[in-house]
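Here is the structure we will look at.
Labels below follow one simple rule: chain letters A, B, ... track the order of the sequence lines, proteins then strands, and each chain is numbered from 1. Just so you know, these numbers use all the heavy atoms, side chains as well, and skip hydrogens, waters and symmetry mates.
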Amino acid sequence: MSKQKPSIPKGMRDFDPAEMARRNYIFDTIKEVFKLFGYQQLETPAMENLSTLTGKYGEEGDQLLFKVLNSGEFLKKVSKDDFNEGERNVLPKIAEKGLRYDLTVPFARYVVMHQNEITYPFKRFQVQPVWRADRPQKGRYREFYQCDADVVGTDSLICEAEILVMIKQVFAKFGLMDYAIKINNRKILSGMAEVIGETGKEGDLCVAIDKLDKIGWEKVSEELFQKGFSKEAIAALSPVLETNHKSNFERLQFFKEYLAQSSVGRKGLEEMEEVLAFFAMLGGNEKHVVFDPVLARGLSYYTGAIFEVKVDGVQIGSVSGGGRYDNLTGVFGLPGISGVGFSFGVDRLYDVLDALDMFPVQQKESTQVMLACFGEMERNKGLKILATLREAGIAAEIYPDLVKIKKQFNYADKKNIPFVAILGAEELSNETISLKNMKTGKQETLSLERVISEVKNPTME
RNA sequence: GUGAUUGUAGCUCAGCUGGUUAGAGCGCUGGUUUGUGGCACCAGAGGUCGCCGGUUCGAACCCGGUCUUUCACCCCA
C-alpha cells in the first residue's frame, strides 16, 4: 500500500471505456475510408534511432523530440570535456534512440529499408501514437494518435486529388458540415519569394504569412521586416491579400499574372490546377476546398502540394494536414522517390466532435445482456446459458458473485446494459428465463431461443 | 524554450483579513424493500487541503522550491 498517490507524466492521458468507444468510432471511420481507397496498414516501432529522426522537422522539431536514455552505463562515453561543453556534446553520447515525432519519417525509413520488396506505387496507412515534448495546451498533447495515409513511388497528382476526396468522405461520415480544406503548393510560395525579390527566404516567408488570419497584415509585415525582408518586397506582397474573398478560379487567374516571372511559381500553379481538375473528374465538389496562398505549414520536407483542414466554430487547431515530399527517402540514401500523404489528428477530432456534440449515441461496445442469478444453482445453469448466448454472437456477461439481485441490477444499470436475464427457482424448474428490457422496464418469461431473438431484435414495448 | 495560471473528499466546488475536531451538492456503501435498476427517505464511509521546505505561539490561507492543470507566445495534429 503506497501512501503517495500515483500520477502520470505531463501531457499524457488515460482513456476510460466511454472515451475509448468514441475514439474507436473515429479510428474505425478513418480506417474504413483509407481501405476504400486501396491503402494497407503498416506499423512501425515507437522508438527510432535518433539519427533517423533528427534534421527532418526543422530546428524546432528537433527540440521537441523525446530522447531515450541509453541503457546500461550511459555516462561511460561522456568525457569531462564533453560535459563542460554542454548538452550538445553530451546528448548524442547518452541517447541514441528517440520516440517517433510523426509517422511520415518512420515510413520513409521503412520504404528505404524494404525498397526491393515493395511494389510501387506503395499505398500504406498507419494509425499509431506519436510523441512531442511540447508544452501541453488545449488540443495539444505530448502523446497523440495520427492516422496517416501516404503513397510513395508516383508523382501523379491523382494522389493529391484523392486525398481531397478522402478528407471529404471522412468528414461526411462524421456529419461535419462547416470546415475548410486549405490547399496550397510550396512551389507557389517559392514563386512568391522569387517575384518579390527574396529568393531563398521562403522559410521565413511561410512562417510569417501563415499567421495572417491570426495577427493581421500589419503584424505580418512587421515580422517580415524584422526577418530582413526589404520594404519593397513586403509591398510587393500586399496584392496577394486582395485575393482573400475570391473564388479558387479567380485566385488562380490572379497568380498566373503575379507569378508570371517565376518558373517554379508557374509550375506550382500548374500542379494546383491539375489537382483540382483530377478532383473534379473524381466527382469532387469544390465546396470546402480552398486554394489558400498563405497556407504554409511548418514541416521542412514538403516540396509540392500542402494541405490543412480546420473545423469552423471551435477553438482547436488543424485536425488534418499533409503534403507532397519529393525527396524524403533521399536523406536515407534512396533518391528519386516522390511521396504524398496526410494525417488526421484523432485527439483533436475527438475534441472537435465532443465540443460540437456530434458523437453518435451508439452502445456498440457494451454488453447486450447480463445474467442475474438468485443462487448458486441458478448461477451454474446460467453459465451454460451464457455460453449459448455468446455462441449466438451476443455480448453477454454474468454477475460473478452471489449477491442480492438488487445489486446485480444496479450493476447492469450503471453499465448501461440493455437487457437483464433473470434466473431464479421458478425459471429453473420451467426451463425459462425472465428477460427484462432495462429501457422500457418490461419483463417477460421466455425460452432461451426467444431470449436470443429478443436481444437481437427487440420487440418488447 | 519565454511569460502567466491552477491544485481542498471519487467528481464539481465553498472555506470571510492565518485562530480550536476542514464543509456542501453529486457520487459511493448499507438500510427502508431476503425475486428486480432508475424515484424517495434514513444512516454511513471517504481528505496529513498536490508535494517539500520556510515564516509564525498557530498555516488550506503568507513566502520559496518542485510537480501538475489551463492559457498566450513559439511551433504544431
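Regarding contacts with the backbone of B:U68, a side-chain N or O of A:K10 is found under 4.0 angstrom from either OP1 or OP2. In this structure, A:Q137 reaches the B:A72 phosphate: one of its side-chain N or O atoms is under 4.0 Å from OP1 or OP2. A close approach under 4.0 Å does not occur between any side-chain nitrogen or oxygen of A:K439 and OP1 or OP2 of B:G37. Distances shorter than 4.0 Å separate none of the side-chain N or O atoms of A:K414 from OP1 or OP2 on B:G38.
Taking the C1' atoms as reference points, B:C11 lies 13 Å from B:G46, given to the whole Å. Separating the P atom of B:G38 from that of B:C28 is a span of 10 Å, rounded to the nearest Å. The gap from the C1' atom of B:U56 to that of B:A72 amounts to 38 Å, rounded to the nearest Å. The gap from the C1' atom of B:G7 to that of B:C73 amounts to 24 Å, rounded to the nearest Å. Comparing the same atom, C1', in B:G25 and in B:A14 gives a spacing of 10 Å after rounding to whole Å. The P atoms of B:A9 and B:G47 are separated by 11 Å, rounded to the nearest whole Å. Separating the P atom of B:G53 from that of B:C39 is a span of 46 Å, rounded to the nearest Å. Taking atom P on both B:G23 and B:A60, the two are 13 Å apart, rounded to the nearest angstrom.
Residue-level contact check: A:V346 touches neither bases nor backbone, having no heavy atom under 4.0 Å from any strand. At the heavy-atom level, A:G375 lies nowhere under 4.0 Å from the strands shown. Contacts of A:K211 with the nucleic acid, taken as non-hydrogen atoms under 4.0 Å apart, involve only primed sugar atoms and P, OP1 or OP2. At a threshold of 4.0 angstrom between heavy atoms, the contacts of A:G61 with the nucleic acid are absent. Within 4.0 Å of A:F344, counting heavy atoms only, lies no atom of the nucleic acid at all.
Ring centroid separation for the pair A:F174 and A:Y25 comes in under the 6.0 Å cut-off.
Nucleotide B:G1 holds its C1' atom 11 Å from the CZ atom of A:R142, rounded to whole Å. Following rounding to the nearest Å, A:K138 (NZ) and B:C71 (P) show an atom-to-atom distance of 5 Å. Between the C1' atom of B:C75 and the CD atom of A:E223 lies a distance of 12 Å, rounded to the nearest Å. Distance A:D62 CG to B:C74 P: 20 Å, rounded to the nearest Å. Remark: P of B:C74 and CG of A:D204 are 14 Å apart, rounded to the nearest angstrom. Distance NZ (A:K56) to P (B:C76): 17 Å, rounded to an integer number of Å. For A:N437 and B:G37, the CG to C1' distance is 12 Å, given to the nearest whole Å. The separation between A:Y301 atom OH and B:C76 atom P is 11 Å, rounded to whole Å.
Within residues 316-325 of chain A, the residues approaching RNA chain B are A:S318, A:V319, A:S320, by heavy-atom distance under 4.0 Å.
With respect to A:K381 and A:E427, no salt bridge is recorded, no charged nitrogen being found less than 4.0 Å from a carboxylate O. Between A:K56 and A:E48 no salt bridge is recorded (no basic side-chain N to carboxylate O distance below 4.0 Å). Looking at A:D354 and A:R22, a side-chain N of the basic residue comes within less than 4.0 Å of a carboxylate O on the acidic one, giving a salt bridge. A salt bridge does not link A:R132 with A:E60: every distance from a Lys NZ or Arg NE/NH1/NH2 to an Asp or Glu carboxylate oxygen is 4.0 Å or more. Contact check on A:R23 versus A:D347 returns a salt bridge, with a Lys/Arg side-chain nitrogen under 4.0 Å from an Asp/Glu carboxylate oxygen. Salt bridge absent: A:E271 and A:R324 never bring a charged side-chain N and a carboxylate O closer than 4.0 Å. Between A:K407 and A:D401, none of the side-chain N atoms (NZ, or NE/NH1/NH2) sits under 4.0 Å from a carboxylate O, so this pair counts as no salt bridge.
Residue order along RNA chain B, read from the 5' end via each residue's closest nucleotide, puts A:G11 first among A:G11 and A:E308. Ranked by how close their nearest RNA chain B nucleotide is to the 5' end, A:Y141 and A:P136 are led by A:P136.
Consecutive Watson-Crick or G-U pairing (both distances under 3.5 Å) extending over three or more pairs maps onto RNA chain B as B:1-4 with B:70-73, B:10-13 with B:23-26, B:28-32 with B:40-44, B:50-54 with B:62-66.
Judged as a side chain to side chain donor-acceptor pair (under 3.5 Å), and not counting sequence neighbours, A:R450 has no contacts. Qualifying salt bridge (Lys or Arg N to Asp or Glu O under 4.0 Å) partners for A:K173, counting only residues two or more places apart in sequence or in other chains: A:E32.
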What's touching nucleotides 32-35 of chain B from the protein side, N or O pairs under 3.5 Å?
{"unit_1": "B:G35", "atom_1": "O6", "unit_2": "A:E426", "atom_2": "N", "d": "3.1"}
{"unit_1": "B:G35", "atom_1": "N1", "unit_2": "A:E427", "atom_2": "OE1", "d": "2.9"}
{"unit_1": "B:G35", "atom_1": "N1", "unit_2": "A:E427", "atom_2": "OE2", "d": "3.2"}
{"unit_1": "B:G35", "atom_1": "N2", "unit_2": "A:E427", "atom_2": "OE2", "d": "2.6"}

Base-contact (B) and sugar-phosphate-only (S) positions in nucleotides 3-10 of chain B, heavy-atom cut-off under 4.0 Å, - elsewhere: B------S
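Side-chain N/O atoms of A:D413 and base N/O atoms of B:G37 include a donor-acceptor pair closer than 3.5 Å. No N or O donor and acceptor, one from the side chain of A:R140 and one from the base of B:C71, sit under 3.5 Å apart.
Regarding the sugar-base torsion, B:G50 falls in the anti class, its angle being beyond 90° of 0.
At most 12 non-hydrogen atoms from other residues, nucleotides or ligands lie less than 6.0 angstrom from NZ of A:K219.
Side-chain contact between A:R100 and A:P129 is present, with at least one heavy-atom pair separated by less than 4.5 Å. The closest side-chain heavy-atom distance from A:L282 to A:L164 is not below 4.5 Å.
A donor-acceptor pair under 3.5 Å links the side-chain atoms of A:R251 to the main chain of A:F291, judged by distance alone. When atom types are taken as modelled, the side chain of A:K436 and the backbone of A:S434 share no donor-acceptor pair closer than 3.5 angstrom.
Of the candidate nucleotides B:G38, B:C74, B:U70, B:G38 has the atom lying nearest to any side-chain atom of A:K436.
Side-chain contact check for A:D351 and A:Y141: at least one donor-acceptor pair (N or O, by modelled atom type) lies under 3.5 Å. Under 3.5 Å, the side chains of A:Y411 and A:E397 contain a donor-acceptor pair of N or O atoms.
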